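First up is the structure itself, then whatever we jot down about it.
Quick caveat, the model's predicted, so the values are computed rather than measured.
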Amino acid sequence: MRMSKTGRVVLWTALGVGFAVIYFPLLVVLLNSVNSDTTFGWPPKSFTLEWWGRAVTNAGALHALWTSVEAGVAATAIAFVLGTMAAFALQRYRFFGRDSISLLIILPIALPGIVTGIALNNAFRTILGIDLGLLTAIIAHATFCIVVVFNNVVARLRRMGGNLEEASMDLGADGITTFRLVTFPVLRSALLAGGLLAFALSFDEIIVTTFTLGTGMETLPIWIYDNLFRPNQAPVVNVVAAVLIIVSTVPVYFAQKLSGGDSASGGRI
């Protein structure tokens, strides 16, 4: 069905407005990170890299960055293992309660972050008697990072089917050899895409982290929020926010390229 000229104009206009609403504020943050005016007058009259130099030597921002990386890598590793195992179990086997378990795995990413954060905070402190720290934040991040790995692997397993593995077994290969030479090469890009998305999701998480990270500890998003309204830190905050945009965008871009844009990967609002 062909669209009329008026319809195409309306569609492209709506698309352009939507992109402008989403991405123009991000562009402003990137430009303000090199804006020489400390009041961030618009449009910028001149540019400087001074704020980037200050950010590189800011101990609080660097420590928060390292905390975010630690939490992201550890949560991604947990999600990588558990999400993959869950995907194989639910896609390859039929058993009672299979659909319910699948729902329970996906549910954390659909719940509001504040609900998840409060629930985990109560579980750690009240029920389990565990003091909040980096470990509790990693566990909290893993609960929703598992979903993106799970969804990517399940989607690839569904497209893959079982014919290749059955043919390998018929030709005399055992289970380990079949997985190493047949299954894993097919799943490799989906696994990497899921891992990249999980890291990006963990890296910029703030709501759940606020309720599960130990006192006195900060991830990069929390550091930005705590320093957002401090005039002397405003230029550095813009630089850190720009870094956060870049670091969050790169994994998503590569995950999109690896998955071919057709895997269900989920998201958190």
List the atom pairs, donor and acceptor, that lie under 3.5 Å between side-chain atoms in residues 208-215 and the rest of the protein, sequence neighbours left out.
| residue | atom | partner | partner atom | Å |
| --- | --- | --- | --- | --- |
| T209 | OG1 | H141 | NE2 | 2.7 |
| T209 | OG1 | E205 | O | 3.2 |
| T210 | OG1 | I206 | O | 2.6 |
| T212 | OG1 | V208 | O | 2.9 |

Side-chain donor-acceptor distances from residues 73-81 under 3.5 Å, at least two apart:
| residue | atom | partner | partner atom | Å |
| --- | --- | --- | --- | --- |
| T76 | OG1 | G72 | O | 2.6 |
| T76 | OG1 | F199 | N | 3.3 |

Could you give the side-chain donor-acceptor pairs of residues 10-27 under 3.5 Å, partners two or more places apart or in another chain?
| residue | atom | partner | partner atom | Å |
| --- | --- | --- | --- | --- |
| T13 | OG1 | V9 | O | 2.7 |

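Defined by atom type and a distance below 3.5 Å, a donor-acceptor pair is present between the side-chain atoms of S189 and R156.
Scanning all heavy atoms of the two residues, the minimum distance from A86 to I105 falls at CB-CD1, 3.7 Å. The shortest non-hydrogen separation linking I138 to A71 is CG1-CA, 3.8 Å. Considering every non-hydrogen atom in both G113 and I207, the closest pair reads C-CG2, 3.5 Å. Scanning both residues, V240 and A61, for their nearest heavy atoms gives CG2-CB, 4.1 Å. Between Y93 and F88 the shortest heavy-atom distance is CD1-O, 3.9 Å. Nearest heavy atoms, L220 versus S68: N-OG, 2.7 Å.
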Worksheet entry | Residue pair I109, N151: steps toward the side-chain contact (heavy atoms from CB on, under 4.5 Å) verdict | CA-CA 11 Å; I109 207 168; N151 281 348; 6.0 Å; no
Practice prompt. Assess whether side-chain contact (heavy atoms from CB on, under 4.5 Å) is satisfied between V243 and W52, documenting all intermediate values.
Written response: CA-CA 10 Å; V243 172; W52 285 81; 3.8 Å; yes
Item to complete: Test I245 against V29 for side-chain contact (heavy atoms from CB on, under 4.5 Å), laying out the working first.
Response: CA-CA 9 Å; I245 292 171; V29 171; 4.1 Å; yes
Practice prompt. Given side-chain contact (heavy atoms from CB on, under 4.5 Å), test F184 with L191 step by step and report yes or no.
Written response: CA-CA 9 Å; F184 179 73; L191 291 169; 3.8 Å; yes
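Rounding to the nearest 0.5 Å gives a distance of 14.0 Å between CG of L107 and CZ of F144. We find the CZ-CG distance between F124 and L132 to be 8.0 Å, quoted to the nearest 0.5 Å. Going from atom CG of L197 over to atom OG of S202 covers 12.5 Å, rounded to the nearest 0.5 Å. Distance check: T219 OG1 to L134 CG gives 10.0 Å after rounding to the nearest 0.5 Å. In this structure, OG1 in T136 is found 8.0 Å from CE in M217, a value given to the nearest 0.5 Å. For the atom pair OG1 of T183 and CD1 of I176, the computed distance is 12.0 Å after rounding to the nearest 0.5 Å.
Counting heavy atoms of neighbouring residues, nucleotides and ligands inside a 6.0 Å radius, atom CZ of F47 exceeds 12 of them. Within a 6.0 Å sphere centred on CG of L128, heavy atoms belonging to other residues, nucleotides or ligands number more than 12.
Judged by distance alone, with hydrogens and angles left aside, the side-chain atoms of N35 form no donor-acceptor pair with the main-chain N or O of L31 at under 3.5 Å.
In this structure R188 satisfies the side chain to side chain donor-acceptor pair (under 3.5 Å) test with no other residue, sequence neighbours excluded. For T249, the side chain to side chain donor-acceptor pair (under 3.5 Å) test picks out no residue, with sequence neighbours left out.
When side chains are defined from C-beta on, T67 counts as touching H63, because their heavy atoms get closer than 4.5 Å. A 4.5 Å side-chain heavy-atom check between I130 and R125 finds every atom pair outside the cut-off. Within the 4.5 Å cutoff, no side-chain heavy atoms of W51 are placed close to those of V56. Counting only heavy atoms from C-beta outward, the side chains of L90 and F150 approach each other to under 4.5 Å. Considering only heavy atoms from C-beta on, T84 comes within 4.5 Å of V149 through its side chain.
When hydrophobic clusters are built by joining Ile, Leu, Val, Met, Phe, Trp and Tyr residues whose side-chain heavy atoms come closer than 4.5 Å, directly or via intermediates, I146 is grouped together with I101. Hydrophobic clustering, with ILVMFWY side chains joined whenever heavy atoms are under 4.5 angstrom apart, groups I139 together with V147. With hydrophobic clusters built from ILVMFWY side chains whose heavy atoms lie under 4.5 angstrom apart, L103 does not share a cluster with L82. L104 and F96 fall into different hydrophobic clusters, where Ile, Leu, Val, Met, Phe, Trp and Tyr side chains are chained together by heavy-atom contacts under 4.5 Å.
For the side chain to side chain contact (heavy atoms under 4.5 Å, CB included) with T116, the qualifying choice from L120, I114, I118 is L120, the only one to do so. Remark: of the listed residues L62, L65, V237, L244, V237 is the sole one forming a side chain to side chain contact (heavy atoms under 4.5 Å, CB included) with W223.
For residues 94-112, no residue pair satisfies the side chain to side chain donor-acceptor pair (under 3.5 Å) rule, not counting sequence neighbours.
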